[in-house]
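One-based numbering, in listed order, for ligands and for the atoms of each. Just so you know, these numbers use all the heavy atoms, side chains as well, and skip hydrogens, waters and symmetry mates.
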Amino acid sequence: MSSAANFTAGPHGAERTKDQLRVEARARRTGRSSKARVSAAAGIADRAAELLEARADGVTCVAAYASRPAEPGTAPLLDLLDQRGVRVLLPVLGPGLARGWAEYADADDLAVRAPGRPPEPSGPASEAEALGAAAVVFAPALGVDDAGIRLGQGGGWYDRALHHAAPDALVVAVVFDDEVHDDALPREEHDVPVHAVLTPSSWWLVPR
Ligand SMILES: Nc1nc2c(c(=O)[nH]1)N(C=O)[C@@H](CNc1ccc(C(=O)N[C@@H](CCC(=O)O)C(=O)O)cc1)CN2
Ligand SMILES: Nc1ncnc2c1ncn2[C@@H]1O[C@H](COP(=O)(O)OP(=O)(O)OP(=O)(O)O)[C@@H](O)[C@H]1O
């Protein structure tokens, strides 16, 4: 039975199920070797380049994330975008985890600015609305299903942030290959489905 088939218990039931899935995903991530992480990061950049080439309009601004060690690595992707002159917005957490964005400058500029937070650029942060400039939004996820439902870290940060994406932006969940779920993930009212999925070996549009 799929994990969503018995999802009738309302938000509390859904939270529990999502939490179990997060625990499993984090355990798989922790067990991945550094060699596998490096290779996955290279695949992410290569697949992203394919995705960007498939966009009819030239992409001049994207949003991405500065990966933590166990996440699908974005260092080669950020490098590639930078080399192509693409403006890259990265999440910056303001007070109370407020959603802001700052421009990627280079790898050396990224640093963990506060314990427990992802690396961030040093430059000035814009407000949540700045996301509207991005034609493609590469969103971190712990899992994604066939319908584009994304399992995030559980803070609701991206679900809230994505309300400010441009209506025609392509929102892409970035996951490892073993995080694509055949069974439906638990879905809640606030979950914003993604339009595409990117893994180290492949990328595809979610059928609508
Ligand atoms: N690389 C990356 N960046 C990302 C995300 C992500 O999943 N990956 N996010 C996806 O949503 C957002 C950040 N989400 C966060 C949500 C909560 C806390 C948080 O509660 N931090 C605590 C310390 C926690 C600890 O010590 O373990 C704090 O700041 O007090 C941090 C980041 C935006 N940037
Ligand atoms: N648009 C929203 N407005 C208010 N609360 C929200 C919104 N989106 C999510 N939340 C709250 O955030 C919490 C976490 O949501 P959820 O479990 O879907 O996070 P997630 O998608 O895994 O995390 P993230 O979006 O940070 O990657 C939930 O308790 C939910 O109530």
Contact bool for atom 30 (O) of ligand 1 (protein heavy atom, d < 4.0 Å):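 No, because not a single protein heavy atom sits under 4.0 Å from atom 30 (O) of ligand 1.
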Heavy atom of protein inside 4.0 Å of atom 4 (C) of ligand 1, strictly below: yes
Donor on one side chain, acceptor on other, Gln153 and Arg68, under 3.5 Å: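 Judged by distance alone, the side chains do not pair up.
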To check your reading of the model: name the closest protein heavy atom to [atom], its residue, and the distance in Å.
{"atom": "atom 11 (O) of ligand 1", "answer": "Trp157 CB, 3.3 Å"}
{"atom": "atom 17 (C) of ligand 1", "answer": "Leu97 CD1, 3.5 Å"}
{"atom": "atom 10 (C) of ligand 1", "answer": "Tyr158 CD1, 3.6 Å"}

Find all atoms of ligand 2 within a distance of less than 4.0 Å from any non-hydrogen atom belonging to [X], and give their numbers and elements.
{"X": "Arg22", "result": "16 (P), 17 (O), 19 (O), 20 (P), 22 (O)"}
{"X": "Gln153", "result": "22 (O), 23 (O), 27 (O)"}
{"X": "Asp191", "result": "18 (O)"}
{"X": "His163", "result": "1 (N)"}
{"X": "Lys18", "result": "16 (P), 17 (O), 18 (O)"}

Need the ligand 1 atom indices (1-based, order shown) with element for anything under 4.0 Å from a heavy-atom of [X].
{"X": "Pro118", "value": "1 (N), 2 (C), 3 (N), 4 (C), 32 (C), 34 (N)"}
{"X": "Gly116", "value": "21 (N), 23 (C), 25 (C), 26 (O), 31 (C)"}
{"X": "Tyr65", "value": "1 (N)"}

Close N or O approach (Ala66, ligand 1; < 3.5 Å): yes
Geometric N/O contact Glu71 with ligand 1, under 3.5 angstrom: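 There is such a contact, yes.
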Stacked cation flag Arg32 on Phe176, 6.0 angstrom / 45 deg: yes
Nearest candidate to [atom], where distance is taken over non-hydrogen atoms, out of [options]:
{"atom": "atom 23 (C) of ligand 1", "options": "Pro69, Gly100, Pro115", "answer": "Pro115"}
{"atom": "atom 32 (C) of ligand 1", "options": "Leu93, Leu90, Thr74", "answer": "Leu93"}
{"atom": "atom 6 (C) of ligand 2", "options": "Arg160, Glu189, Glu188, Arg99", "answer": "Arg160"}
{"atom": "atom 7 (O) of ligand 1", "options": "Arg99, Glu120, Arg117, Gln153", "answer": "Gln153"}

N or O pair under 3.5 Å between [X] and ligand 2:
{"X": "Pro140", "answer": "no"}
{"X": "Gly152", "answer": "yes"}
{"X": "Arg150", "answer": "yes"}

Minimum heavy-atom distance Leu81-Leu52, with the two atoms named: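 The pair with the smallest heavy-atom distance is CD2-CD1, 3.5 Å.
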Which atom of Ile44 lies closest to which atom of Leu77, heavy atoms considered: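 Result for this residue pair: CG2-CD2, 4.4 Å.
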Taking the side chain from [X] and the backbone from [Y], do they hold a donor-acceptor pair closer than 3.5 Å?
{"X": "Arg47", "Y": "Pro200", "result": "yes"}
{"X": "Arg22", "Y": "Gly152", "result": "yes"}
{"X": "Arg87", "Y": "Tyr104", "result": "no"}
{"X": "His190", "Y": "Gly156", "result": "no"}
{"X": "His195", "Y": "Val171", "result": "yes"}
{"X": "Arg160", "Y": "Gly155", "result": "yes"}
{"X": "Thr199", "Y": "Val175", "result": "no"}
{"X": "Asp145", "Y": "Asp183", "result": "no"}

Non-hydrogen atom of Pro140 closer than 4.0 Å to ligand 1: yes
Ligand 1 contacted by Pro91 (non-hydrogen, < 4.0 Å): yes
Heavy-atom neighbours of Glu129 CD exceed 12 at 6.0 Å: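 Yes, enclosed.
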Location of contacts on Leu142 toward ligand 2, heavy atoms closer than 4.0 Å: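 Near ligand 2, Leu142 shows nothing, with every heavy atom at 4.0 Å or more.
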Worked check of side chain to side chain contact (heavy atoms under 4.5 Å, CB included) between Asp191 and Asp159: CA-CA 6 Å; Asp191 285 324; Asp159 285 322; 3.5 Å; yes
Chi angles and distances behind the side chain to side chain contact (heavy atoms under 4.5 Å, CB included) call for Tyr65, Glu71: CA-CA 10 Å; Tyr65 63 95; Glu71 290 182 309; 4.0 Å; yes
